[in-house]
J.: 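Got a structure for you, written out below as structure tokens; questions coming shortly.
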Amino acid sequence: MPDLPDRLRTLVDGAAAPVTLDEVRASTEQPVGEAVTGETGASEPVPLDEIRTSSAASATGSTRRQRLPRGRWLMAAAVVAVVALAGVLFVTLADDNTRVEVGDAPEGADQPLFELLELRPATEPMGTLRAAVTDEELAALWDDVGFDSAAPEVDLGRWVVVSITIPDDACPPVLAGFTRDGDVWTPQFEELDDTCAEPLIPKTYVVAIDRSEVAPAFTLRLPADDTYGFDEQRLEVEVPPGRATANGREADTQTGPAPGATLAVVPLPPRGEARSHLLDGRPVWVVHHDDGSATAVPAVLPPDPAAVPTAEDLDSMFWSIVRWSPQGAFRGPHTWDAWGRALTAGRHADLTDYVAEVDGDRVVVRQWDGERVPGQPVLPSVPVDAGLAPDVVSSPDATGDLPEEVRGLPAGWQMVGVAAVGAEGVLRLCVVTDDSFPPSSCPDDAPVVAGAEVPDGIMSWHFAPLLVRIDDGGQISAVVPLGGHTVSVTP
Amino acid sequence: MTAADDFEQFFDDAEPRLRRALVAAYGPERGREATAEALAYAWQHWEQVQAMDNPVGYLYRVGQSRSRQRRQPWVTPPDDATSGGWHEPELPAALAALSERERLAVVLIEGFGWTYREVAELVEVAPSSIQSYRQRGLDKLRGALGVSEDA
């Protein structure tokens, strides 16, 4: 299709006339000069007629579906898991007019108050509240909020499920708790990172609330938001008696970590710091907390084996890197606190692969098949993105000269997002750019990717997080691919 | 130079990039409307937008988030808009059959010479993913148009 470029340009440019500056100016209420100089006072908010229209439509229950972002698979897979684990969140109840917060569990309180089941970009108007107390209502709620996966199996004898759709940007706040004023429950959201500058991306939170705490009826309340054009929302929910809970509930299923086989014994990092190590073929973060205890969490997360990549979901094939933030958090598909407790997803997404025990100046890392990390999530200081290791790095050409970001990483096993190029039967690590794509082969002295077989006469490019071992001198001495995909062609 | 001048300069550069990207993703009508909304947003928030590292990528998401409020299918343009020198009227339909990202990658890279990284920054995915989207999109186009890989 040698003339495809011309045809595409004709198609796109011919079908949509350019937007003019006058058109933009005419559509807004305040000139930019005034907004910047402040001559006419504070900048007016963006006109949000459409959003108001959408909000007003909430009564119709109309929904639209949309594709989910990267990381969807982890949330989706975890939805099922969370149901089975839904009895062990330690956020607790409090008296009326009391704010219930994560990390603020009264002594002796061992019953969960709520559980975040799902958090996704919204497909319904902001300000929409929904509730389900029966299986049929839950199925309807799940469909109404526009989630394209099957509704989770929630024990509605113990839980009531609500959905809350709020205005937000690309960085979802944490549902930190609810305030209770009589039977009126108001969700409390806390931003993790106030530096997240993103456009409007409303979010829907689906939350299970302890049924015994809201029976026989409660009102879910969402305060008005003038900016986004919706009034105070109130949803009155009748809750028929369910199975005995609260004081009469069966014993909590949380039994704490169950130490298993010892995987490794590694040096104890300085307090407040984390170090990566290679255990059992995979990198692991070991954190030494200020209280002297330690935590071990995986530094990479595998793709969901149940996920079926689609044309629009190629990223689901990739392993995800979990990075340590010096502010005391892990960042990856979600955000976790320093103990691996999920902050931006339900607790089903806790990092529960390992348990770490401090033994003098060493840390014993054991296998753990625990269901979630004990204790309350701790909100880290913000911003949590500061100091993170680079995600995807590149260099000017396929020279094998690794970029400074990689060479600057601490010694040890590190994850990098560079590309490997295979030729003449060997896959080597050298960095390529789009400008030089497809790249030529890597230099002979470039690091070799272990275990990768590339047939002679085939040129391959491997895209994935790669595990590299960096020596004290900053040189890479080993490269291990952990996932991703390879594109091969015959030169 | 005033803020208005700065914005005008930015507008001249950003408008075609935004429009082409949003039209490629969402079709002519919705894409153009999203472009206008995104640029209006930029005008009213120019102080913040001009300080961004990737303002076009940001505004793409603004247009994207606004257009989500009224999602509709990718619409093929009318014949009269594409008839000039057009010998394959099935191309618009073939494009419409691609996924959003495949279409975005094919149109921007093949049609307008964007790099993988530029497209990747726009939609915040890895350049390697864009390369795959482009390849799959081209394969589908070839299949739909009955064109061999060598063509």
J.: What is the minimum heavy-atom distance between A/Val24 and B/Trp43, and which atoms define it?
T.: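 The answer is O-CE3, 3.9 Å.
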J.: Kindly give the heavy-atom pair with the smallest separation between B/Phe11 and A/Val19, and that separation in Å.
T.: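 Looking at all heavy atoms of both residues, the shortest contact is CZ-O, 3.1 Å.
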J.: Measuring heavy-atom distances to chain A, does B/Glu15 have an atom under 4.5 Å in its side chain, in its backbone, in both, or in neither?
T.: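 Only the side chain of B/Glu15 comes within 4.5 Å of chain A.
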J.: Is the side chain of B/Arg20 donor-acceptor paired with the backbone N or O of A/Asp13 at a distance under 3.5 Å, no angle test?
T.: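 Not a single qualifying donor-acceptor pair exists.
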J.: Quick one: CG on B/Leu39 to CG on A/Leu21, what's the gap to the nearest 0.5 Å?
T.: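 The CG atom of B/Leu39 sits 9.0 Å away from the CG atom of A/Leu21.
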J.: On a heavy-atom basis, which atom in A/Leu11 and which in B/Pro92 lie closest, and how many Å separate them?
T.: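 Taking A/Leu11 first and B/Pro92 second, the nearest heavy atoms are CD1-CG, 3.9 Å.
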J.: Locate the shortest heavy-atom distance separating A/Leu8 from B/Val106; write the atom from each residue and the value.
T.: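 Smallest interatomic distance, heavy atoms only, reads CD1-O, 3.7 Å.
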J.: Nearest 0.5 Å please: distance from the CG atom of B/Leu145 over to the CZ atom of A/Arg7.
T.: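 Taking CG in B/Leu145 and CZ in A/Arg7, the distance rounds to 8.5 Å.
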J.: A side-chain contact here means heavy atoms from C-beta on lying under 4.5 Å apart; do B/Leu138 and A/Leu4 qualify?
T.: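 A side-chain contact under 4.5 Å exists here.
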J.: Find the one option among A/Pro18, A/Ala17, A/Ala16 whose heavy-atom pairs under 4.5 Å with chain B are most numerous.
T.: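 Answer, by heavy-atom pair count under 4.5 Å with chain B: A/Pro18.
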